[in-house]
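To start, the structure under review is shown below, and the notes come after it.
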Amino acid sequence: MTGHEKNESGHVPVLLTTVLDILLPSPGEKILDVTLGLGGHAEAFLSKVPPNGTLIGLDADATNLSVATERLKHFGDRFLPVRANFRELPDCLPADQRSFDVILADLGLSSPHLDDTARGFSFHGNAPLDMRFDQTRGMTAADLLNRSTKEELTFIFQEYGELPKTHRFVTAILAARDATPFETSSDLNILIDALYGHEAKFVYAQIYQALRIAVNDELGALKSLLEAASALLAPGGRLGVISYHSLEDRLVKHMFRALTTPQKDPTTGTISAEAKFVLLNKKMIVPESKEIEDNPRARSAKFRAIQKLS
Ligand SMILES: C[S@@+](CC[C@H](N)C(=O)[O-])C[C@H]1O[C@@H](n2cnc3c(N)ncnc32)[C@H](O)[C@@H]1O
C-alpha cells in the first residue's frame with residue numbers, strides 16, 4: 001500500500017509513507033500509537049515489526065477503539081488496545097510497558113467523527129452539540145456555549161478559531177442562551193447565519209473547530225503528551241506527530257526545539273548539558289498535492305519527528 005491509497009476499510013492514513021520512512025518501525029520493535037483511530041497507521045506499523053514486535057493503541061473514543069480492535073485482532077497478542085486519553089500517559093499503560101521504539105500521534109478527529117452527524121462535530125445536519133472524543137466525561141459543546149463566561153468564549157473563538165467579529169459573535173451567543181440554552185448544531189447555525197450572512201460559509205469550519213479544541217482541551221492534552229512521550233522513548237526511539245492546526249504545530253515545534261537544543265550556562269554561555277534528542281526532519285513535512293486530492297482531510301497536515309539519542 002502506498003501512502004495515499006485507501007486500505008480495505010476505505011480509510012486513508014495521513015502521510016503514511018512519510019511516517020513509515022521516517023519513524024522506521026523495524027522487526028521486534030515496540031510501538032505506541034496514542035491516537036489509534038481506525039487503526040490505519042497501526043496496521044502498517046504492525047506489519048513492519050514481526051515476528052515479535054508489538055503495538056499498544058490508545059484512543060479516547062470508544063467507537064473508534066472498537067472498530068480498530070476488530071480490524072487488528074488478527075495480530076493477536078502483538079496488539080493491545082487501551083481506552084484512554086493520551087494526557088493520562090504514562091499511568092494508562094501497563095506497568096511493565098513504559099519504553100517504546102516508536103511513538104506516533106496523529107492528532108484531532110477522524111473521518112467517522114464528521115461522518116456520524118450525531119456526534120455533533122459537523123455543521124452539516126442537525127444533532128446535539130456534543131463534540132467530545134470521550135462521551136463519558138467532560139462538558140459537551142452545548143454545555144460550553146451555555147456556561148462559559150464572555151471572556152472564556154472570546155478566548156476560544158479568537159485563539160482557536162481566529163474568527164472575525166468575535167466580539168459580536170460572543171455577544172450574540174450570550175443573548176441567545178439567555179432566551180433558550182443551546183442544544184443542537186442547528187441552534188448554533190441559526191446564530192452564525194444571522195450574524196455572518198453570506199460570509200457564514202467561510203466561518204462555520206473555524207467556529208466548529210474552535211469549539212472542538214476547547215471541548216477536548218486539545219492543546220492541554222498535547223502538552224502533557226509531549227512531556228510524557230519524550231520520557232517513554234527508549235534510547236534510539238523515534239517520536240512523530242501529525243498536527244492539523246497551527247497552534248498544535250507551534251507547540252510541537254517549540255517542544256522539539258527545546259529537546260534538541262543543548263542547554264547553556266546562562267552566565268558563561270558554555271554548554272552545560274548536551275541535547276538528548278535530534279530532529280529527524282529539519283522542516284515540517286506536508287502531504288503532496290496527490291494525497292490532498294485523494295484525501296482532503298490531509299490538506300492541513302504537518303509532520304515533525306525527533307529521535308532520542310542512544
Ligand atoms: C486523526 S485520528 C487517528 C487516525 C489513525 N492514525 C488511523 O490511521 O486510523 C485521531 C484519533 O485520535 C483520537 N484522539 C484525539 N485526541 C485524543 C486524546 N487526547 N487521547 C486519546 N485519543 C485521542 C480521536 O478519537 C481519533 O480517533
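Both counts, for ligands and for their atoms, begin at 1 and track the order of listing. Both backbone and side-chain heavy atoms feed into the values below; hydrogens, waters and symmetry mates do not.
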Close aromatic pair by centroid cut-off 6.0 Å: F133 and F121:
yes
Looking only at distances, please establish whether an N/O atom of ligand 1 is found under 3.5 Å from an N/O atom of L58.
no
Nitrogen or oxygen of N85 less than 3.5 angstrom from that of ligand 1
yes
Is a side-chain donor or acceptor of K48 paired with a backbone partner of P25 at a separation under 3.5 angstrom?
no
Got R137 and R132 here, is their nearest side-chain heavy-atom distance under 4.5 Å?
no
Looking only at distance, does D59 have an N or O less than 3.5 Å from an N or O of ligand 1?
yes
Work out whether the distance between some heavy atom of H113 and some atom of ligand 1 is less than 4.0 Å.
yes
Is a side-chain N or O of Y196 found less than 3.5 angstrom from the main chain of F169, in a donor-acceptor match?
no
Any side-chain donor paired with an acceptor under 3.5 Å for D249 and S246?
no
Nearest heavy-atom neighbours spanning L211 and L188
CD1-CD2, 3.7 Å
Any nitrogen or oxygen of L109 lying under 3.5 Å from a nitrogen or oxygen in ligand 1? Just yes or no.
no
Can K73 and E70 be counted as an ion pair, charged N to O under 4.0 angstrom?
yes
Option of least heavy-atom distance to atom 12 (O) of ligand 1 (set: L36, T35, V14, L89)
T35
Are there more than 12 heavy atoms of other residues, nucleotides or ligands under 6.0 Å from atom NZ of K308?
yes
Would R71 pass as a cation-pi partner of F79, given that its NZ or CZ must be under 6.0 Å from the six-membered ring centre and within 45 degrees of the axis?
no
One finds that the ligand 1 atoms under 4.0 Å from a non-hydrogen atom of L107 are 1 (C)
If you measure from each non-hydrogen atom of E218 to ligand 1, which part falls under 4.0 Å: side chain, backbone, both or neither?
neither
Do F182 and L144 touch side chain to side chain, with heavy atoms closer than 4.5 Å?
no
Heavy atoms, side chains only, cut-off 4.5 Å: are R304 and V241 in contact?
no
Is there any N or O on P13 that sits under 3.5 Å from an N or O of ligand 1?
no
N/O separation below 3.5 Å, G40 to ligand 1
yes
Does at least one non-hydrogen atom of R87 fall below 4.0 angstrom from an atom of ligand 1?
no
Looking at ligand 1, does any of its N/O atoms fall within less than 3.5 Å of an N/O of F86?
yes
So is there a nitrogen or oxygen of N64 less than 3.5 Å from a nitrogen or oxygen in ligand 1?
yes
May I ask you to check if ligand 1 and D61 share an N or O to N or O distance below 3.5 Å?
no
Ligand 1 to R297 polar contact by distance, N or O atoms, under 3.5 Å
no
Of the listed options S110, G37, G108, closest to atom 10 (C) of ligand 1 (non-hydrogen atoms)
G108
Closer than 4.0 Å to some heavy atom of A84 - which atoms of ligand 1 meet that?
20 (N), 21 (C)
